[in-house]
Structures are given as C-alpha cells and as structure tokens.
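The shown structure was predicted, so the numbers you read here are calculated from the model rather than taken from an experiment. Start at 1 with the first residue, then count along the sequence.
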Amino acid sequence: MGKLNDAQLQHRIEHILERHPNASSLVVRQRLMSNLKPSHIYPHLVPFYEQYRIDDSADIQRELKKMMSMHLGLSIIAQTLSTGCFNYRQVEKALLELTADFDHLAQAQRCKELRFGHGAPTDEHHQSQIVMTLQRLGHRLPDIWQVLRQATESNKIAKPR
C-alpha cells in the first residue's frame, strides 16, 4: 500500500471510531469492508490501541472462556491470543490475570479426562498417545506425568489384587 492509501486507511479508522467509540478490532475491520488481511490492518490499529480507543476485552474474554472450556494448556492459550488480531495491551493484561491463578495440573487433569476418560493408560502405546496429545494441547510435561501417575495410583486403589 502506498502512503496515500495508508493515510486514507488511518482516516477511515478514525471515522469509524468517532461513530463507534470503543469498538473492537473486529468491528473496525468489518466496518472498513476492505479486502486487506487482518495482519495488514493491525499496524494501523496500534496507535488506537495505545490511545485506548479500541476495546477488545469482550472478544478476548470470549476466546479465553472457549479455550479454558477446551482445557487447553497455558502455552497454547497465550500463543493463540498473542497471534490473534486483538488489542495487544488487553491481551497482555488478560494473560497476566490468567497466569496469576492458572492451575496447570488441574487443567491437564481435566484435559486428560475429557479426551481419554478417568482411567489409567492401558499400555505404553496408549500412554504415549496421551502424553503427545496433552503436549500438543499446550500442557507441561511434568504436569502430564503427574496426571498419569495419579490415574495409575487411583486405578490400583480401585482394583485391589
């Protein structure tokens, strides 16, 4: 895009925010009705983020809630939010709040139970499948091993010999 187009784009964003104060990034992109990718528009939104004129907090919280209900690990949650086209200041704030009370072990436990049930792995292949799946979903390896140990111990207690 040339400098004239950049200036026109900035002006259009300014005009949208005058009509829709505290609009989200998504609303601004929709109102622009341009064929530009969100990654090309994002640099033009940064000055408005710094002026606190774009509010993505509702969209960020919706994404967080969705990812938490999927029981994803913190690394995947952070990566997904950071690479999304959200207000980077609000993403940082939301991630800091999330990490303050994020229980990695409980989240890994819920993820394992959701995808593989409550029982212990049936064999080494099944255990490897669980480990790889949970790692891919952003869980830390020590938490995964702890969850598997707990499942194995509870299985031994439930089935005495």
Side-chain angles (χ1 to χ4, degrees), residues 20 22-50 52-161:
H20 304 280
N22 294 322
S24 69
S25 299
L26 178 63
V27 169
V28 171
R29 286 194 312 271
Q30 288 172 342
R31 300 265 186 231
L32 282 173
M33 291 193 283
S34 89
N35 58 357
L36 295 173
K37 294 180 182 176
S39 60
H40 294 301
I41 296 172
Y42 191 83
H44 297 282
L45 296 177
V46 170
F48 300 103
Y49 293 156
E50 292 171 355
Y52 301 100
R53 294 185 61 195
I54 294 179
D55 184 12
D56 286 334
S57 57
D59 294 337
I60 292 168
Q61 289 305 315
R62 184 174 34 258
E63 281 295 311
L64 268 176
K65 186 176 179 182
K66 182 175 81 172
M67 289 185 282
M68 290 296 289
S69 69
M70 293 170 61
H71 307 299
L72 299 178
L74 185 61
S75 64
I76 294 295
I77 292 171
Q79 180 183 8
T80 303
L81 284 179
S82 298
T83 57
C85 292
F86 298 118
N87 183 331
Y88 69 93
R89 290 178 178 268
Q90 292 174 333
V91 167
E92 179 184 35
K93 181 182 175 194
L95 288 175
L96 287 172
E97 290 172 359
L98 179 66
T99 57
D101 59 342
F102 191 84
D103 187 349
H104 294 276
L105 186 60
Q107 190 77 350
Q109 178 71 36
R110 289 188 294 266
C111 187
K112 184 252 179 213
E113 290 172 0
L114 177 69
R115 286 163 178 79
F116 297 100
H118 292 279
T122 55
D123 58 12
E124 292 91 19
H125 174 71
H126 187 228
Q127 179 172 320
S128 176
Q129 183 182 14
I130 293 171
V131 169
M132 291 182 49
T133 300
L134 293 180
Q135 273 189 306
R136 184 177 42 81
L137 294 173
H139 297 286
R140 304 180 311 186
L141 197 53
D143 299 324
I144 296 169
W145 286 117
Q146 181 67 27
V147 165
L148 292 175
R149 268 194 301 279
Q150 288 174 353
T152 303
E153 289 170 3
S154 67
N155 196 32
K156 288 179 183 177
I157 292 171
K159 296 181 183 178
R161 292 182 181 185

Notebook entry, point to check: Which pair of non-hydrogen atoms, one from Ala151 and one from Gly119, has the smallest distance, and what is that distance?
Noted result: CB-O, 4.0 Å

Notebook entry, point to check: What closest approach, in Å, do Arg140 and Asp143 show between heavy atoms, and which atom pair accounts for it?
Noted result: NE-OD2, 2.7 Å

When you compare the side chain of [Y] with that of [X], does any pair of heavy atoms fall below 4.5 Å?
X: Met68; Y: Ile77; result: yes
X: Val27; Y: Ile54; result: no
X: Asn87; Y: Tyr52; result: no
X: Leu26; Y: Arg29; result: yes
X: Ile60; Y: Lys93; result: no
X: Leu95; Y: Glu92; result: no
X: Val147; Y: Cys111; result: no

Notebook entry, point to check: Just wondering, more than 12 heavy atoms not from Arg110 lying within 6.0 Å of its CZ?
Noted result: yes

Checklist line | Atom CD of Glu113 with >12 non-hydrogen neighbours under 6.0 angstrom | finding: yes

Between [X] (side chain only) and [Y] (backbone N and O only), is there a donor and an acceptor less than 3.5 Å apart?
X: Tyr42; Y: Phe86; answer: yes
X: Gln127; Y: Pro121; answer: no
X: Asp56; Y: Ser25; answer: yes
X: Ser128; Y: Glu124; answer: no
X: His139; Y: Thr133; answer: no

Margin query: Please determine whether side-chain contact (heavy atoms from CB on, under 4.5 Å) holds for the pair Arg31 and Val28, giving the CA-CA distance in whole Å, both sets of side-chain angles, and the decisive distance to 0.1 Å.
Written below: CA-CA 5 Å; Arg31 300 265 186 231; Val28 171; 5.8 Å; no

Interatomic spacing from [atom1] in [X] to [atom2] in [Y] - rounded to 0.5 Å:
X: Ser24; Y: Gln30; atom1: OG; atom2: CD; value: 7.0 Å
X: Gln109; Y: Leu148; atom1: CD; atom2: CG; value: 9.0 Å
X: Leu81; Y: Leu64; atom1: CG; atom2: CG; value: 5.0 Å
X: Leu134; Y: Gln107; atom1: CG; atom2: CD; value: 11.0 Å
X: Leu105; Y: Ile144; atom1: CG; atom2: CD1; value: 11.0 Å
X: Gln61; Y: Gln90; atom1: CD; atom2: CD; value: 9.5 Å

Check: Which is it for Gln135 and Val131 under the side-chain contact (heavy atoms from CB on, under 4.5 Å) test, yes or no, and what are the steps along the way?
Finding: CA-CA 6 Å; Gln135 273 189 306; Val131 169; 4.0 Å; yes

Margin query: What I want to find out is whether Lys66 reaches Glu63 closely enough, with some N-O distance under 4.0 Å, to be called a salt bridge.
Written below: yes

Check: What residues, two or more places apart in sequence or in another chain, satisfy ring-ring contact (aromatic ring centres under 6.0 Å, His included) together with His126?
Finding: Phe116

Next item on the list: Kindly indicate, with the supporting measurements, whether the criterion side-chain contact (heavy atoms from CB on, under 4.5 Å) is fulfilled by Ile41 and Cys85.
Entry: CA-CA 9 Å; Ile41 296 172; Cys85 292; over 6 Å; no

